[in-house]
Undergrad: 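Have a look at this one.
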Amino acid sequence: MALTFGYRVAALLLATTGITTEIRADDGTRKPSASGATEHIVVRGQQPYAAQAQLHTATAAMGPLGPMPILTTPMSVTVIPQDLLINKQIRTLNDALRELPSVQVRDQQGLEVSRPQSLGFQGTIAQNTRLDGLNIIGTTAVPVENLESVQVLNGVGGALYGPETPAGVFNYILKRPTETRLARLVGSYAGNGLFTSEADLGGRIGWLGYRLDVVHGEGESYVRGSTANRTLGSGALDIHLDPATVIQINGSHYEDSGYGLPGSIVYDGSSTSATNHSTVLPPAPDPTRRGLGQPGAGTNLVTDTGLLKLIHDFGPDWRFEMGGLYQDAQRNLYGITNTLTDDRGDMTVTKNFTAVPHFTVGSNEASLNGHVRLFGLRNDLTLATSGFINDQYNYRNSIAVTLGRSSLADPVIFPAVARPPTGGQYLAGQLRQQSVIEGDTLHIDPHWAIQAVFSESFLRSQSFNAKDATTSRFSTDGAFSPTVSGIWTPTAKVTAYVTYASSVEQSDQAPSNARNASAFLAPYHDEMVQAGVKYAPLSRLLLTADLFRMTRPYATTPASGIFQVVGEQRDQGAEMFAQGEVLSSLSVLGGVTYIDARLRNSGNPATSGKLIVGVPQWKSDVTLDWHPAMLRGLALTATVHYESDRAATDTNNSFAPAYATLDLGARYATHVANHPLIARLGAMNVFDKHYYSSIADGSIVGSPGADTAYLAAPATVLASLEVDF
């Protein structure tokens with residue numbers, strides 16, 4: 001009796017603190033209750049957050065089609081789950097995306113100012129990036145701490161999402177309120193002295209669910225004298241109007257700044273500058289060396305986002321969703337450009353960028369999904385719309401300032417220079433697009449299905465000069481994007497598919513030196529053929545492989561002086577990916593991708609048929625997480641990143657060398673004073689490999705211009721301590 005009472009008291013104490021475990025008698029037997037009945041008291045225990053590294057993801061949000069099983073989705077889809085983000089202590093979206101073998105990050109104006117790209121194609125400002133399915137600005141900082149996962153569609157997605165480049169769809173999924181109380185406090189350290197604290201709180205009070213994430217970090221980054229500062233305030237509410245209807249509200253303020261870190265290295269610009277005669281990419285210097293950046297030079301990105309959704313389930317067969325988002329992205333770009341003037345490493349150093357300092361986007365989506373039977377066959381139907389308005393603001397005056405001359409071998413720290421007056425901002429461009437989307441997956445029998453998704457898109461664009469005069473205007477109605485797939489599921493564990501997709505894309509704008517300066521070309525039509533197999537040998541392990549061929553029109557200004565389409569970028573290759581639990585104690589995420597990306601029919605014999613700048617032919621990223629029960633809370637992680645050499649110029653006369661890096665990590669999970677506690681220790685780029693994280697050509701369409709390279713971070717130690725209450 002006393003022993004049973006003791007078990008009950010222990011269970012009550014653990015339940016009130018939120019700690020979960022399993023309570024049994026020492027001999028594992030069941031004890032009789034006072035009534036003589038057999039009683040077995042089990043209190044299921046709460047593990048420290050992400051302690052078991054659940055890397056398997058069963059479903060992904062497929063835009064208007066709604067949540068779909070990845071196994072039966074006839075497209076290449078990869079997901080970075082929250083457990084990987086947490087256990088690898090990833091703090092930037094760029095670092096997260098580099099965990100995927102089919103994805104690259106194209107850096108542009110420094111810290112966090114980048115464009116993600118998939119399968120060798122570059123993304124746009126707002127068309128390829130989404131937050132919970134709604135378009136956002138892709139060239140500003142996105143916080144990782146308030147994300148549940150990062151989901152990537154590799155390939156052409158215009159039929160599902162509206163006009164976009166073939167760079168894929170990057171959908172960042174926000175954390176949602178939790179059904180039970182959550183309270184996490186995390187303190188972390190990185191680099192030379194960058195300290196970050198985070199509070200992650202969640203729960204539900206009756207019909208109201210809540211989630212609050214607050215982050216602040218500041219200190220010195222990996223260059224002596226550099227500074228970094230990150231502040232996030234993010235909130236989410238779920239208002240349950242009834243069991244079938246929920247209103248989701250999200251809001252966030254994020255500020256991310258970094259000063260004193262290495263600037264870009266610009267080379268091969270002889271075609272655009274009489275004083276620039278560099279032709280090749282130099283070996284990557286030590287990124288910690290002072291003078292590659294300048295004190296007080298860097299970026300300060302301030303992003304405010306608000307999102308609202310209404311979701312209603314009409315029973316088991318029909319679902320309705322509608323939502324809207326507004327985002328304001330202020331980009332204070334005061335970074336450094338190191339422009340090489342010869343192949344000896346001499347350079348001119350410039351501070352401040354003339355790139356767009358301010359974006360806004362208002363996006364919308366609505367979808368109705370359901371199942372009906374027609375003529376005895378099941379149809380999964382979709383009717384949806386998606387679109388956005390993107391405004392771009394420029395400074396009236398250039399703020400770029402030349403600091404002086406330096407060299408890679410002996411970089412110089414220059415005296416501080418005041419920022420020139422901006423003259424204020426003006427609306428420089430506006431892009432509007434709206435698409436109507438229809439879809440049907442026809443199940444012919446339990447093993448065969450045909451999926452067809454179509455979109456009709458309406459595009460409007462215009463640009464203005466600093467005097468507020470309209471310089472160009474373009475519109476088109478009913479631009480058509482189809483995707484058609486054949487799906488074969490011979491067993492519940494295997495899916496094979498063939499998909500054809502054609503996507504409308506907003507065309508390029510003629511440069512200022514063309515006879516048709518500022519004119520927009522007719523919308524591009526990108527194409528893709530993809531054939532793949534997906535296999536789930538275990539319930540929580542998915543293996544995928546596919547072949548692909550994709551094309552995008554290529555425009556330039558030939559001898560006629562008229563900017564026009566003259567060829568195409570053609571990427572073809574293969575992907576292999578594994579995600580989930582190989583064993584109960586071993587999880588995996590990663591794979592390998594082969595891409596042959598070439599410029600065809602460019603009109604220039606020096607570039608036609610050559611490899612696309614910055615795209616490796618081989619890329620592999622694999623993470624293993626080992627967490628056996630016998631280690632009693634101790635787990636180990638290892639990640640290998642590999643990229644083959646990358647073309648550094650359009651003429652392929654210079655290449656960035658191949659590189660491989662290793663990340664290692666360990667964590668220990670336990671309970672202290674009845675509270676879950678987990679300590680994490682990691683090291684990125686363990687062997688301190690010096691390499692370029694990003695190589696970009698001078699223009700998305702390969703027009704003559706200087707190429708740009710950004711250095712990767714050096715070896716970095718990461719440590720954190722988390723307590724859950």
Side-chain angles (χ1 to χ4, degrees), residues 60-61 63 75-80 84-85 90-144 147 149-158 160-161 163-173 254 256 299 301 303 327 329 331 355-356 359 361 363 388 390 503 505-506 526 550 552 569 571 575 577 590-591 593 595 597 612-616 619 621 641 643 646 692-697 700 708 710 712:
M75 302 174 190
S76 170
V77 179
T78 51
V79 178
I80 303 173
L84 184 73
L85 299 175
I90 292 174
R91 291 291 179 261
T92 72
L93 186 61
N94 286 358
D95 287 339
L97 291 172
R98 290 186 174 108
E99 300 290 324
L100 298 175
S102 296
V103 173
Q104 287 183 287
V105 177
R106 187 184 192 272
D107 294 317
Q108 292 189 290
Q109 286 92 32
L111 181 70
E112 293 293 316
V113 185
S114 55
R115 297 189 187 196
Q117 62 184 46
S118 172
L119 300 181
F121 288 95
Q122 181 184 311
T124 61
I125 294 168
Q127 292 173 319
N128 298 87
T129 46
R130 293 177 176 250
L131 187 67
D132 275 3
L134 290 151
N135 294 89
I136 60 171
I137 300 302
T139 54
T140 190
V142 177
V144 170
L147 297 183
S149 65
V150 176
Q151 303 183 359
V152 181
L153 168 65
N154 300 301
V156 174
L160 279 72
Y161 294 93
E164 60 182 25
T165 74
V169 179
F170 296 82
N171 193 12
Y172 312 131
I173 306 301
Y254 185 48
D256 186 12
T299 60
L301 309 174
T303 307
Q327 186 175 75
R331 310 192 316 165
V356 177
F359 289 109
V361 63
S363 54
F388 66 86
N390 171 216
S503 177
E505 176 192 342
Q506 174 70 52
D526 310 319
M550 304 163 64
R552 176 190 187 271
Q569 177 181 339
D571 293 7
E575 303 174 272
F577 195 76
T593 299
I595 307 174
I612 297 295
V613 171
V615 180
K619 187 174 186 290
D621 304 273
H641 303 280
E643 286 192 1
R646 292 162 286 171
Y692 291 106
S693 63
S694 173
I695 305 291
D697 61 3
I700 187 173
T708 304
Y710 274 92

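Just so it is clear, the model here is predicted, and its values are computed rather than measured. Values below: all heavy atoms of this structure, side chains included; hydrogens, waters and symmetry mates excluded.
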Undergrad: Quick one: does Gln104's side chain get under 4.5 Å of Pro616's, heavy atoms only?
TA: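 In contact.
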Undergrad: Main chain of Gly63, side chain of Tyr161: is a donor-acceptor contact present, judged purely on distance under 3.5 Å?
TA: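 Yes.
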Undergrad: By side chain to side chain contact (heavy atoms under 4.5 Å, CB included), which residues pair with Ser693, not counting sequence neighbours?
TA: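 Here the qualifying residues are Arg98, Asp107, Tyr710, Ala712.
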Undergrad: Which residues pass the side chain to side chain donor-acceptor pair (under 3.5 Å) test with Ser118, not counting sequence neighbours?
TA: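 Side chain to side chain donor-acceptor pair (under 3.5 Å) list for Ser118, sorted by chain: Asn154.
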Undergrad: Which atom names give the shortest non-hydrogen contact between Asn128 and Gly168, and what distance separates them?
TA: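 It is ND2-O, 2.7 Å.
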Undergrad: List in chain and number order the residues that pass side chain to side chain contact (heavy atoms under 4.5 Å, CB included) with Pro101, two or more places apart in sequence or in another chain; answer none if no residue qualifies.
TA: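 So Pro101 forms a side chain to side chain contact (heavy atoms under 4.5 Å, CB included) with Phe577, Thr593, Asp621.
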Undergrad: Would you say the side chain of Val150 lies within less than 4.5 Å of the side chain of Phe170, judging by non-hydrogen atoms?
TA: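 In short, these two side chains do not touch, never coming nearer than 4.5 Å.
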Undergrad: Answer whether the closest heavy-atom distance between the side chains of Glu99 and Leu85 falls below 4.5 Å.
TA: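 Contact flag for Glu99/Leu85 side chains = no.
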Undergrad: Side chains of Ile80 and Val152: does their closest heavy-atom pair fall under 4.5 Å?
TA: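 SC-SC contact between Ile80 and Val152 ruled out.
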Undergrad: What pair of heavy atoms forms the shortest contact from Val156 to Pro166, and how long is it?
TA: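 Closest pair (atom of Val156, atom of Pro166, distance): CG2-CB, 4.0 Å.
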Undergrad: Do you know which two heavy atoms are closest between Ala61 and Ile173, and how far apart they sit?
TA: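 What the structure gives for the nearest pair is CB-CD1, 4.5 Å.
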Undergrad: To check you understand the geometry: which heavy-atom pair defines the closest contact between Ser363 and Leu134, and what is its length?
TA: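 Distance-wise, the nearest heavy atoms are OG-CB, 3.6 Å.
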Undergrad: How about Ile137 and Ile125: do any of their side-chain heavy atoms sit closer than 4.5 Å?
TA: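 The answer is yes; the side chains approach within 4.5 Å.
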Undergrad: Check whether any side-chain N or O of Gln122 sits under 3.5 Å from a backbone N or O of Arg115 as a donor-acceptor pair, and report yes or no.
TA: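 Flag not set: sc Gln122 to bb Arg115 has no pair under 3.5 Å.
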Undergrad: Can you check whether Leu119's main-chain N or O pairs, donor with acceptor, with Glu575's side chain at less than 3.5 Å?
TA: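 Side chain of Glu575 to backbone of Leu119, a donor-acceptor pair under 3.5 Å: no, none is there.
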Undergrad: Can you tell me how far apart OG1 (Thr129) and CG (Leu93) are? Round to the nearest 0.5 Å.
TA: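 Here the interatomic distance stands at 9.5 Å.
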Undergrad: State the CD-CG distance between Gln506 and Asn390, to the nearest 0.5 angstrom.
TA: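 Rounded to the nearest 0.5 Å, the CD-CG separation comes to 10.5 Å.
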Undergrad: Is the shortest side-chain heavy-atom distance between Val77 and Gln151 below 4.5 Å?
TA: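 Result no, sub-4.5 Å side-chain heavy-atom pair not found.
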Undergrad: Can you name the closest pair of heavy atoms from Arg331 and Thr139 and give their distance?
TA: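 Taking Arg331 first and Thr139 second, the nearest heavy atoms are NH1-O, 2.9 Å.
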Undergrad: Are side-chain heavy atoms of Ile136 and Phe388 found at a separation under 4.5 Å?
TA: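 Not in contact.
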Undergrad: Between atom CG of Asp132 and atom CG of Leu147, what is the distance when rounded to the nearest 0.5 Å?
TA: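 Result: 9.0 Å between the selected atoms.
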Undergrad: Say whether, by atom type as modelled, one donor and one acceptor occur between the side chain of Lys619 and the main chain of Leu100 under 3.5 angstrom.
TA: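 Checked: pair present.
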Undergrad: Will you find, in the side chains of Gln117 and Arg106, an N or O donor that is under 3.5 Å from an N or O acceptor?
TA: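 No - no donor-acceptor pair under 3.5 Å links their side chains.
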Undergrad: Tell me, with the steps shown, if Leu160 and Met75 meet side-chain contact (heavy atoms from CB on, under 4.5 Å).
TA: CA-CA 12 Å; Leu160 279 72; Met75 302 174 190; 3.7 Å; yes
Undergrad: Got a donor-acceptor contact below 3.5 angstrom from the Asp95 side chain to the Ile90 backbone?
TA: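 The answer is no, because no donor-acceptor pair under 3.5 Å joins these two groups.
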Undergrad: Keeping the roles fixed (side chain from Asp526, backbone from Arg552), state whether a donor-acceptor pair exists under 3.5 Å.
TA: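 Absent.
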Undergrad: Check the pair Thr303, Gln327 against side-chain contact (heavy atoms from CB on, under 4.5 Å), reporting the backbone distance first and the verdict last.
TA: CA-CA 7 Å; Thr303 307; Gln327 186 175 75; 3.7 Å; yes
Undergrad: What closest approach, in Å, do Thr140 and Ala329 show between heavy atoms, and which atom pair accounts for it?
TA: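 So the minimum-distance heavy-atom pair works out to CG2-CB, 3.9 Å.
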Undergrad: Go through the steps to decide whether Leu301 and Tyr254 satisfy the test side-chain contact (heavy atoms from CB on, under 4.5 Å), and finish with yes or no.
TA: CA-CA 8 Å; Leu301 309 174; Tyr254 185 48; over 6 Å; no
